[in-house]
Amino acid sequence: MSHHKKMADMFLNGEEDEALQYLQTFQTPFDRMVAYENLLTPSMYHVGELWETNEISVADEHLATAICDFVLSQVDDLQSSNEQGKKVLLFGVEEEQHYLGLKMVASIFREKGWKVRYLGPNLPLSHAHIQVNSFKPDVIGVSAALSYRLPTLKKVIESFMNLEWEPTILIGGRMAKKHDLTSFTSDRVFVMKDLHDLQAWLEEDQRNINATSS
Ligand code: B12
């Protein structure tokens, strides 16, 4: 059985300690991004397939989500780099309930020493603006899983383009994998299919900082 199916089984059986141990030992050395992208994410996608084909119930899927969240929170607690001063604010658009991907993104930024404000899913735009204006993030990350969120997402991007300090906007979530969102992109708006894209962007950003400071 593949790693992610084993992990999905542990989620569905409510085996949180076993799931955590499996995650921590499936690769050496441990890499947070790889653990999220190559194990937790495919495990939850597998749970989605089982749910779609009625092999598991909604209650099973909720249990799997809760265990995945637990494991993710434990990994997130591991040591991060020193603070490097940059700020990111993350949220899921209004009515969007899926949040595990965004929580992984928060954890990756934290690991790189960013100051993170993770606001969770289902945040109306007017409320997001209150936090954005007080926190003044360098980067705003937005997540949406379902295709019918695209109009909302478009509105969110447009409204952040007016911010005077010109933050970078990152768009991710399941619909970024399913649709060609190049029409959303610009020199300040980046669409990301997964955490590999995020990691590549973060490394480029770091290179730019080093280039300016030397
Ligand atoms: C768990 C789950 C739920 C839970 C959510 C729990 C929670 N709080 O997160 C609940 C029960 C609430 C739920 C509800 C629904 N769900 Co649901 N859900 C799932 C499931 C099984 C897993 C989601 C998940 O956590 N995936 C794992 C994460 C890590 O993956 P990810 O979000 O894609 O994130 C990755 C990238 O996209 C990226 N990323 C994500 N966000 C961002 C942001 C930035 C800035 C960046 C850089 C990257 C990034 O990072 C991650 C790692 O690569 C999926 C199956 C699937 N394929 O995802 C279905 C799934 C997404 N749901 C689905 C559906 C239909 C629904 C409902 C409409 C069902 C209903 N009839 O009520 C509702 C809609 C709720 C809503 N209003 O949003 C369908 C969507 C199908 C479609 N055609 O679009 C899926 C695919 C299941 C299926 N196979 O049918 N769901």
Side-chain angles (χ1 to χ4, degrees), residues 4 7-8 11-12 23 31-73 75-76 88-112 114 116-124 128 137-150 152-153 156-157 160 167-179 181 184-185 188-205:
H4 74 273
M7 189 61 147
F11 288 169
L12 291 164
L23 185 86
D31 181 316
R32 191 180 293 207
M33 194 278 282
V34 174
Y36 294 162
E37 190 63 48
N38 295 7
L39 190 56
L40 293 186
T41 300
S43 305
M44 287 310 291
Y45 287 0
H46 183 58
V47 168
E49 284 155 19
L50 297 174
W51 180 28
E52 201 179 358
T53 50
N54 285 325
E55 286 167 70
I56 60 165
S57 69
V58 172
D60 294 329
E61 172 275 311
H62 278 224
L63 175 64
T65 302
I67 307 287
C68 184
D69 191 340
F70 166 79
V71 170
L72 173 46
S73 301
V75 173
D76 192 28
V88 58
L89 180 140
L90 302 163
F91 72 97
V93 299
E94 185 157 15
E95 291 185 10
E96 182 62 64
Q97 298 289 346
H98 303 90
Y99 70 83
L100 286 173
L102 199 63
K103 194 162 168 172
M104 292 176 186
V105 171
S107 176
I108 299 293
F109 271 104
R110 227 174 263 128
E111 185 188 36
K112 306 277 183 215
W114 285 59
V116 179
R117 228 170 241 192
Y118 163 69
L119 306 181
N122 187 17
L123 187 67
D138 302 283
V139 171
I140 302 173
V142 185
S143 184
L146 305 169
S147 310
Y148 48 80
R149 306 267 184 258
L150 287 178
T152 310
L153 201 57
V156 167
I157 296 170
F160 290 148
T168 300
I169 299 164
L170 307 183
I171 304 297
R174 190 172 162 279
M175 50 92 243
K177 299 186 180 187
K178 294 269 159 193
H179 299 275
L181 301 184
F184 284 46
T185 60
R188 274 176 52 205
V189 183
F190 299 88
V191 175
M192 302 192 164
K193 284 191 300 302
D194 53 30
L195 304 178
H196 292 290
D197 284 358
L198 176 65
Q199 180 125 313
W201 181 85
L202 279 164
E203 278 163 14
E204 181 65 33
D205 185 63

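Just follow the structure's listing: the first ligand is 1, and inside any ligand the first atom is 1.
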Exercise. What residues form a ring-ring contact (aromatic ring centres under 6.0 Å, His included) with Y99, not counting sequence neighbours?
Worked result: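 Expected list: none.
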Exercise. Do L146 and H98 have side chains that get closer than 4.5 Å, going by heavy atoms?
Worked result: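 L146 vs H98: side chains touch.
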Exercise. Can any side-chain N or O of T41 pair as donor or acceptor with the backbone N or O of Y36 at less than 3.5 Å?
Worked result: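 Such a contact is found between T41 side chain and Y36 backbone.
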Exercise. Quick check: does any side chain N or O of E61 sit under 3.5 Å from a backbone N or O of W51, one acting as donor and the other as acceptor?
Worked result: no
Exercise. Between L102, L100, I171, which is the residue that forms a side-chain contact (heavy atoms from CB on, under 4.5 Å) with S143?
Worked result: L102
For this session: Give a yes-or-no answer on whether the side chains of D69 and S73 include a donor-acceptor pair shorter than 3.5 Å.
Result: yes
For ligand 1, which of its N or O atoms have a protein N or O partner closer than 3.5 Å, and how long is each gap?
| unit_1 | atom_1 | unit_2 | atom_2 | d |
| --- | --- | --- | --- | --- |
| ligand 1 | 8 (N) | Q97 | O | 3.0 |
| ligand 1 | 9 (O) | Y99 | N | 3.0 |
| ligand 1 | 16 (N) | H98 | NE2 | 3.1 |
| ligand 1 | 18 (N) | H98 | NE2 | 3.1 |
| ligand 1 | 33 (O) | Y45 | OH | 2.5 |
| ligand 1 | 39 (N) | G173 | N | 3.4 |
| ligand 1 | 41 (N) | S143 | OG | 2.7 |
| ligand 1 | 41 (N) | G173 | N | 3.3 |
| ligand 1 | 53 (O) | E37 | OE1 | 2.7 |
| ligand 1 | 53 (O) | E37 | OE2 | 3.3 |
| ligand 1 | 62 (N) | H98 | NE2 | 3.2 |
| ligand 1 | 77 (N) | E95 | O | 2.8 |
| ligand 1 | 77 (N) | R149 | NH2 | 3.1 |
| ligand 1 | 78 (O) | E95 | O | 3.4 |
| ligand 1 | 78 (O) | E96 | OE2 | 3.4 |
| ligand 1 | 78 (O) | Q97 | N | 2.8 |
| ligand 1 | 78 (O) | R149 | NH2 | 3.2 |
| ligand 1 | 84 (O) | R174 | NH1 | 3.0 |
| ligand 1 | 89 (N) | G48 | O | 3.4 |
| ligand 1 | 89 (N) | E52 | OE1 | 3.0 |
| ligand 1 | 91 (N) | H98 | NE2 | 2.8 |

